[in-house]
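By convention here, the first residue in the shown sequence is residue 1. Model, not experiment: these values are computed from the prediction.
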Amino acid sequence: MPPPLATAGVRAYRPEDLPALHDICVRTADAGGDSRHLYPDPDLMPSIFAAPYAALEPGLTFVLDDGRGRAVGYVLGTADTAGFVSAFREVWLPRVAGRYPAPAGPARTPSEEMTALLHRPERMILPELAGYPAHLHIDLLPVAQRQGYGRALMHTFLRALRDRGAGAVHLSMVTANTSARAFYDRLGFHEIAVPDPGPLTYLGRSTSLDDPCVEDS
């Protein structure tokens, strides 16, 4: 277990946190581990899974501050997945498509697979998830794991969703990441059946803090 961050705390995202968001995303994007060996461009994964939320939903972006101003974890997402997808397509994608053009043919590398995902934000809309209109991503660096900070981030995010009128939230995770699944199970998430989910598992829960939200993993 990493040493505790004695003065760490959850706070709202600030624009100067963006490089840290990128770093956290890259260092957790391979089923919870460092992804730099898979994606040579360090901005690719953050451009899909972190930066668009900070740009389009800054009020629902929170970081774990290590007590010295540096973000070592985050939770981010949206209260309205359908609306976010529209904004992603209309606002975010034009900002990054020049750097990451859509692959011309079948993806041949991990980077091309992720670039194809970037150009298909509508993949986030599935009929089975309609009852869970919000969605989230949460990632912490190893130094911040297993100390209750994931739970603190989640509590903050659920409260913010509740304030915006979102009654339920979902997430997708790589099925092979069993430690993450244990974390979500202990936070009261349950599996949502989705046909042909590929390597992913979909989980959901109410945004009410009266529902189980217990021990951090």
Side-chain angles (χ1 to χ4, degrees), residues 1-36 39 42-79 84 87 92 95 134-164 166 169-174 177 179-184 186-189 203 205 207-209 211-217:
M1 180 179 294
L5 300 172
T7 58
V10 177
R11 62 168 171 80
Y13 167 80
R14 300 191 291 248
E16 57 266 30
D17 296 320
L18 186 60
L21 258 62
H22 277 232
D23 181 59
I24 296 162
C25 183
V26 167
R27 290 169 62 189
T28 57
D30 182 18
D34 197 313
S35 68
R36 284 175 286 190
Y39 312 109
D43 291 327
L44 174 58
M45 296 300 277
S47 293
I48 305 170
F49 298 112
Y53 295 91
L56 302 174
E57 293 276 16
L60 285 174
T61 302
F62 302 94
V63 303
L64 177 67
D65 190 308
D66 68 354
R68 296 170 294 176
R70 183 174 70 102
V72 292
Y74 61 69
V75 62
L76 41 78
T78 181
F84 178 79
W92 180 253
R95 298 184 189 180
H135 76 259
L136 68 87
H137 299 278
I138 181 170
D139 292 298
L140 294 92
L141 294 179
V143 69
Q145 294 173 7
R146 303 178 186 275
Q147 299 171 63
Y149 296 126
R151 178 179 48 169
L153 283 165
M154 192 69 77
H155 275 200
T156 298
F157 190 76
L158 292 174
R159 288 190 190 98
L161 287 181
R162 198 73 180 169
D163 288 345
R164 294 191 178 208
V169 61
H170 74 269
L171 60 88
S172 61
M173 55 160 287
V174 176
N177 191 349
S179 62
R181 178 59 190 269
F183 168 68
Y184 295 129
R186 285 144 74 136
L187 287 172
F189 282 83
L203 305 174
R205 62 157 285 161
T207 59
S208 172
L209 291 179
D211 283 357
C213 202
V214 283
E215 295 290 331
D216 196 1
S217 63

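Looking at I138 and M154, their side chains come closer than 4.5 Å, going by heavy atoms from C-beta outward. For the pair P46/V26, a side-chain contact is recorded, criterion being any heavy-atom separation below 4.5 Å from C-beta on. Side-chain atoms of R146 and F183, non-hydrogen and from C-beta on, never get closer than 4.5 Å to each other. Between V10 and H155, the closest side-chain pair of non-hydrogen atoms is not below 4.5 Å. At a threshold of 4.5 Å between non-hydrogen side-chain atoms, the residues Y13 and L18 count as touching. Side-chain contact check for T61 versus D17: every heavy-atom pair is 4.5 Å or farther apart. Counting heavy atoms from C-beta outward, L140 and L64 have side chains that approach closer than 4.5 Å. Side-chain contact between Y74 and L153 is absent, with no heavy atoms from C-beta onward closer than 4.5 Å.
Summarising the geometry, atom NE2 belonging to H22 is positioned 5.5 Å from atom CG belonging to D43; distances are rounded to the nearest 0.5 Å. Note: L136 CG to L158 CG = 7.5 Å, rounded to the nearest 0.5 Å. Note: L161 CG to T156 OG1 = 11.0 Å, rounded to the nearest 0.5 Å. Distance check, rounded to the nearest 0.5 Å: CG of D139 to OG1 of T28 gives 3.5 Å.
In terms of heavy-atom proximity, R205 sits nearest to G188 at CB-O, 3.6 Å. Residues R95 and A55 come closest through the heavy atom pair NH1-CB, 3.7 Å. Between F157 and L76, the shortest heavy-atom distance links the atoms CE1-C, 3.8 Å. Between S47 and W92, the shortest heavy-atom distance links the atoms O-NE1, 2.9 Å. Closest approach of A29 to M45, counting heavy atoms only: CB-CE, 3.9 Å. Between F62 and G59, the shortest heavy-atom contact is CZ-O, 3.6 Å.
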Checklist entry - side-chain contact (heavy atoms from CB on, under 4.5 Å) between L203 and R181: does it pass, once the steps are laid out? => result CA-CA 9 Å; L203 305 174; R181 178 59 190 269; 3.7 Å; yes
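Scored by the side-chain contact (heavy atoms from CB on, under 4.5 Å) test, R70 finds D66, R68, V72, L141 as partners (sequence neighbours excluded).
Residues H135 and Y53 place their aromatic rings such that the two centres sit under 6.0 Å apart.
Proximity of a side-chain donor or acceptor of H170 to a complementary backbone N or O of A134 within less than 3.5 Å is detected. Remark: side-chain polar atoms of R11 are not paired, donor with acceptor, to backbone N or O of D65 under 3.5 angstrom.
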